[in-house]
Participant: 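Please read through the structure below; I'll follow up with questions.
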Amino acid sequence: MPIAEAAVFTAGCLVIHTQQRRADQVTVALACVAVLLAFVLGIALTPDSFLRDQVGVAIENGELGQQLD
C-alpha cells in the first residue's frame, strides 16, 4: 500500500509540474478532487446504524417513494 500511495503522489506531482502554465485550471481541478474525496470519506466513515436510522426517519416522513428492507 505505501508503494501505491507513493506512486500516486509522484504521478500527481508529475501532472502538476507538466501543467505549470495552466496553474489556475490545475488549482480548480485539485480543489474539485479534494471536495470529492471529502464527500467519499464522509460517506465511507458514516456508521451503518446512523444510516439505517436516517432511512427509517425518511420512510416515516414519506420522503421515500418505496420502503427499503
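Residues take their numbers from the sequence shown, with the count starting at 1.
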Participant: Show which side-chain atoms of residues 24-49 pair as donor or acceptor with protein atoms under 3.5 Å away, not counting sequence neighbours.
Facilitator:
{"residue": "Thr27", "atom": "OG1", "partner": "Ala23", "partner atom": "O", "Å": "2.8"}
{"residue": "Thr46", "atom": "OG1", "partner": "Gly42", "partner atom": "O", "Å": "2.5"}

Participant: Would you list the atom pairs, donor with acceptor, under 3.5 Å between side chains in residues 3-18 and any protein atom, with sequence neighbours excluded?
Facilitator:
{"residue": "Thr10", "atom": "OG1", "partner": "Ala6", "partner atom": "O", "Å": "2.8"}
{"residue": "His17", "atom": "ND1", "partner": "Gln20", "partner atom": "NE2", "Å": "3.1"}
{"residue": "Thr18", "atom": "OG1", "partner": "Leu14", "partner atom": "O", "Å": "3.2"}
{"residue": "Thr18", "atom": "OG1", "partner": "Val15", "partner atom": "O", "Å": "3.0"}

Participant: Please list, chain by chain and in numerical order, all residues satisfying side chain to side chain donor-acceptor pair (under 3.5 Å) with Arg22, sequence neighbours excluded.
Facilitator: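 Side chain to side chain donor-acceptor pair (under 3.5 Å) list for Arg22, sorted by chain: Gln19.
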